[in-house]
Amino acid sequence: MPSNNVTVVGLQWGDEGKGKIVDALARTADFVARYCGGANAGHTVFVNGQKFAMHLIPCGLLHDGVRNVIGNGVAFDPVVAAEEIAALHERGVNLGPENLHISSAANVVMPWHKLTDSLSEKDLGTSKIGTTARGIGPCYADKARRSTAIRAGDLTDADLLREKVQRIAAVKNKMLTALYNAEPLDGEAVAEQFIELGRQFAPMICNTGAMLRRAIAEGKRILFEGGQGSMLDIDHGTYPFVTSSSVTACGVPTGAGVPPSAVGRVVGLIKAYTSRVGSGPFPTEQDNETGEYLRERGREYGTTTGRARRCGWFDAFAVGYAADISGVDELALALLDVLSGLKEVRICTGYRIGDQQLDSFDPAVMARAQCVYETLGGWDDDITGCRTFDALPGAARDYVNRVEQLVGRPVGFISVGPDRDQTIRHKTQIQGLD
Ligand code: IMP
């Protein structure tokens, strides 16, 4: 039986507008599950002009009856989660054991992770990765190291947690003082803080893999919400300028504890242009007036860090690669309205190194590659009020059609503004949207 599930993944460097599409699809889902990343993600959803910015809590939270899951592949930061839950509560959105489930196998972001993240970046100087300083890399490093990791399940046992935190804090303090000459952390205070957080989250911590597999057997729909973007994937991205988890659709089975067949229909999210935060290669970057135009019109400032994002043209060569890795079935094209007002728009169709045009994409050569561009006509019209494909100006329709051709996937949705209703349903094959 074909899977009823949907997976949404970013095909660029993150910030493709996943919050909006996940929110739109969430109303057809029984579960919304995150499987990668942590509080480094920033998902913004606008409902009736009200802005909801989330980092850790899945985007299904604005729909009654949807159960939100933080899977085992997520770096769970209970401090951020508690703050987000409190802020949402103030705005009348309630999260508790009935609609938020946290995997007992998710690794916990601890204070030493955040500290190490910042200190290591400082130490690297101009070679820094440009992380979000949320402790993500060090948390996953401890996951792989095992002996210094804390899992969400540990938060439910105060005695075990105290013993673990104190033992690990002693190891971390040796490292912090020796490597960075930093002040040691107070293990006892950290233990108390996390025991208290554990009390708050214990009713929500469970075996989410078993819960999702049961839901699949019952024919329920799960929406897997990717974090970051494919070019930041730990294996397939622009290493070492990547995040530390498997963010493509290939990360869903391990990060959520479900079989590969559960991935379902894969929606690849793209912006009509490209942005990137942090260091690393970005061949279509426009460090000029065009980049500035895209940044201002697209409000390209980080949800998590407030950093100005680097902006440039759409890279169909890179997106095609990312779409192939995740087995993307359809695209969701966001922020098309940002391109309005440009005389012409450009799309990168391939890379060249010297005289040699590359026939297959490899992120490792991006830093040395020159882009091969195609130039299309721009449009002046304000398209934020368009609700059908035919209502778009001809040049905007040509642009969408060309993206579709170059990436080799149909465009299911087109987003022309931040609000829920500023979406054109184009060629989507996702069932149940009516
Ligand atoms: P980290 O995930 O904080 O370790 O950061 C590693 C790289 O991924 C940096 O370049 C960050 O700017 C980038 N990054 C992490 N999360 C996101 C995201 O949600 N959107 C865009 N970039 C991200």
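We count ligands from 1, going down the list as the structure has it; atoms in each ligand are counted the same way.
A cation-pi arrangement is present between Arg346 and Tyr373, with the terminal nitrogen or guanidinium carbon under 6.0 Å from the aromatic centre and inside a 45° cone about the axis.
The option from Val247, Asn40, Thr132, Val277 that lies nearest to atom 10 (O) of ligand 1, judged by heavy atoms, is Val277.
Remark: ligand 1 atoms within the under-4.0 Å shell around heavy atoms of Trp13 are 21 (C), 22 (N). For ligand 1, the atoms lying closer than 4.0 Å to a non-hydrogen atom of Thr243 are 1 (P), 2 (O), 6 (C). Listed by number with element, the atoms of ligand 1 under 4.0 angstrom from any heavy atom of Gly278 are 10 (O). Contact atoms of ligand 1 toward Ile129: 10 (O) (distance under 4.0 Å to a heavy atom of the residue).
For the 3.5 Å distance criterion, the side chains of Thr131 and Asp117 qualify, holding a donor opposite an acceptor. Checked by atom type, the side-chain pair Trp379/Ser340 shows a donor-acceptor distance below 3.5 Å.
Ring planes of Phe317 and Tyr351: perpendicular class, angle over 60° (limits at 30 and 60°). Between Tyr399 and Phe314, the two ring planes are perpendicular [angle over 60°; tilted spans 30° to 60°]. Below 30°, between 30° and 60°, or above 60°: for Phe201 and Phe76 the angle between ring planes is above 60°, a perpendicular geometry.
Nearest protein heavy-atom neighbour of atom 16 (N) of ligand 1: Gln228 CG, 3.2 Å. Protein heavy atom nearest atom 21 (C) of ligand 1, with residue, atom name and distance: Asp15 OD2, 3.0 Å. Looking only at protein heavy atoms, the nearest one to atom 7 (C) of ligand 1 is Val242 O, 3.8 Å. Atom 12 (O) of ligand 1 has Arg307 NH2, 3.0 Å as its closest protein atom, hydrogens excluded (heavy atom only). Atom 5 (O) of ligand 1 has Thr131 CA, 3.3 Å as its closest protein atom, hydrogens excluded (heavy atom only). Remark: minimum distance from atom 14 (N) of ligand 1 to any protein heavy atom is reached at Leu232 CD1, 3.7 Å.
Neither the backbone nor the side chain of Asp117 comes within contact range of ligand 1; no heavy atom lies under 4.0 Å.
When the shell of 6.0 Å around CD of Glu183 is examined, it contains 12 or fewer heavy atoms from other residues, nucleotides or ligands.
Distances shorter than 4.0 angstrom occur between a heavy atom of Gly130 and an atom of ligand 1. Contact analysis leaves Ser244 out of contact with ligand 1, as no non-hydrogen atom separation drops below 4.0 angstrom.
Looking at Asp77 and Arg134, no side-chain N of the basic residue comes within less than 4.0 Å of a carboxylate O on the acidic one, giving no salt bridge. Between Lys18 and Glu225, none of the side-chain N atoms (NZ, or NE/NH1/NH2) sits under 4.0 Å from a carboxylate O, so this pair counts as no salt bridge.
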